[in-house]
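Please read all numbers here as calculations on a predicted model, not as lab measurements.
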Amino acid sequence: MADGFIRWYRESGATSVFAEQVALFQAHGMALVHPVRGQATVIDIEGEDVPMSQEELGRLLSLRFSSVSMNWWLSADTNVIDRYTYEPFGCEIQTLWLDGLYTEEMQLVESAVIAATTQLPIPTHAVVIDRRGTSDPDDWDSLMLHDGTKVPRFPDSVIAQEPITEKLMRAAPGLAKESVGDYLTRLTPARQT
């Protein structure tokens, strides 16, 4: 089993909305800039934190490298690792790792991501929320990016646009359905309602 995660699939915009995302996450208690060190941190190939200004990181992301890993900070000692990936066919993926977080901290991260999905001007395709790591993040790519039909083990919830939710409901009958924002639907196993 994988660690808990939130995987957010969205369209790539003509311009980056990173600064807006930083502000939304900050409003929900997730800071890009470390509260003591005063800089953002990206993670190098050795797993070490590399200090970088928020502006430098925003510029790096706007260059659309295939992937960048960075930290969001809930406190000076509690971080959320975020792998930011660009796919060549116009999709951005952010995977936020929930391992080591308390339930309230996981809920905070989830709230920040959901706020961003409904408030940023870039359309969201789907968000997979798997707090316990019952599936692997990469297993969702076929369904979300390539019109695949195989559904991984169902997580805590999936928030998605209608074509994806229809596939999920056919594959896993009995899911509870709830509207999120203007065009997204949250699906959860019936036992969680």
Is the shortest heavy-atom distance from the side chain of [X] to the side chain of [Y] under 4.5 Å?
X      : Y      : value
Met144 : Val128 : yes
Phe25  : Leu96  : yes
Trp72  : Val22  : yes
Val68  : Leu57  : yes
Ile93  : Glu87  : yes
Asn71  : Asp82  : no
Leu74  : Leu101 : yes
Trp73  : Pro35  : yes

> In terms of hydrophobic clustering (I, L, V, M, F, W, Y; side-chain heavy atoms under 4.5 Å; direct or indirect links), are Phe18 and Val33 co-clustered?
Replying inline: no

> Under a single-linkage definition using a 4.5 Å side-chain heavy-atom cutoff for Ile, Leu, Val, Met, Phe, Trp and Tyr, are Tyr84 and Val50 assigned to the same hydrophobic cluster?
Replying inline: yes

To the nearest 0.5 Å, how far apart are [atom1] in [X] and [atom2] in [Y]?
X      : Y      : atom1 : atom2 : value
Arg59  : Ser53  : CZ    : OG    : 11.0 Å
Arg10  : Glu92  : CZ    : CD    : 4.5 Å
Trp8   : Ile159 : CH2   : CD1   : 11.0 Å
Thr103 : Leu108 : OG1   : CG    : 12.5 Å
Met70  : Asp49  : CE    : CG    : 13.0 Å
Ile43  : Ile45  : CD1   : CD1   : 11.0 Å

>> If you apply the rule side-chain contact (heavy atoms from CB on, under 4.5 Å), what do you find for Gln26 with Leu32, and how did you get there?
In response: CA-CA 8 Å; Gln26 180 76 37; Leu32 181 66; over 6 Å; no

>> Strictly by side chain to side chain donor-acceptor pair (under 3.5 Å), give each pair with a member in residues 111-123 just once, sequence neighbours left out.
In response: none

> Please walk me through it: do Leu120 and Gln21 pass side-chain contact (heavy atoms from CB on, under 4.5 Å)?
Replying inline: CA-CA 7 Å; Leu120 290 176; Gln21 180 184 342; 4.0 Å; yes

>> Exactly one of Asp141, Asp139, Asp136 should register a salt bridge (Lys or Arg N to Asp or Glu O under 4.0 Å) with Arg7. Which one does?
In response: Asp141

> Backbone N or O of Ala76 within a donor-acceptor pair of the His34 side chain at under 3.5 Å?
Replying inline: yes

Which pair of non-hydrogen atoms, one from [X] and one from [Y], has the smallest distance, and what is that distance?
X      : Y      : result
His125 : Cys91  : CD2-SG, 4.3 Å
Met30  : Ala112 : SD-CB, 3.7 Å
Val17  : Pro121 : CG1-CG, 3.8 Å
Glu110 : Ile6   : CA-CD1, 3.6 Å
Phe5   : Ser135 : CE2-O, 3.4 Å
Thr188 : Ser157 : CG2-CB, 3.3 Å

>> Tell me whether the rings of Trp140 and Phe154 are parallel (<30°), tilted (30 to 60°) or perpendicular (>60°).
In response: perpendicular

> Stepwise, does the side-chain contact (heavy atoms from CB on, under 4.5 Å) test hold for Asp130 with Asp156?
Replying inline: CA-CA 5 Å; Asp130 191 344; Asp156 297 287; 4.1 Å; yes

>> Using a 6.0 Å cut-off, check whether atom OH of Tyr183 has over 12 heavy atoms from anything other than its own residue.
In response: yes

> Under the side chain to side chain donor-acceptor pair (under 3.5 Å) criterion, do Trp97 and Asp3 qualify, and how do the steps go?
Replying inline: CA-CA 7 Å; Trp97 296 98; Asp3 291 320; over 6 Å; no

>> Evaluate Ile129 against Arg186 for side-chain contact (heavy atoms from CB on, under 4.5 Å), listing each step before the verdict.
In response: CA-CA 10 Å; Ile129 300 167; Arg186 179 195 297 261; 4.3 Å; yes

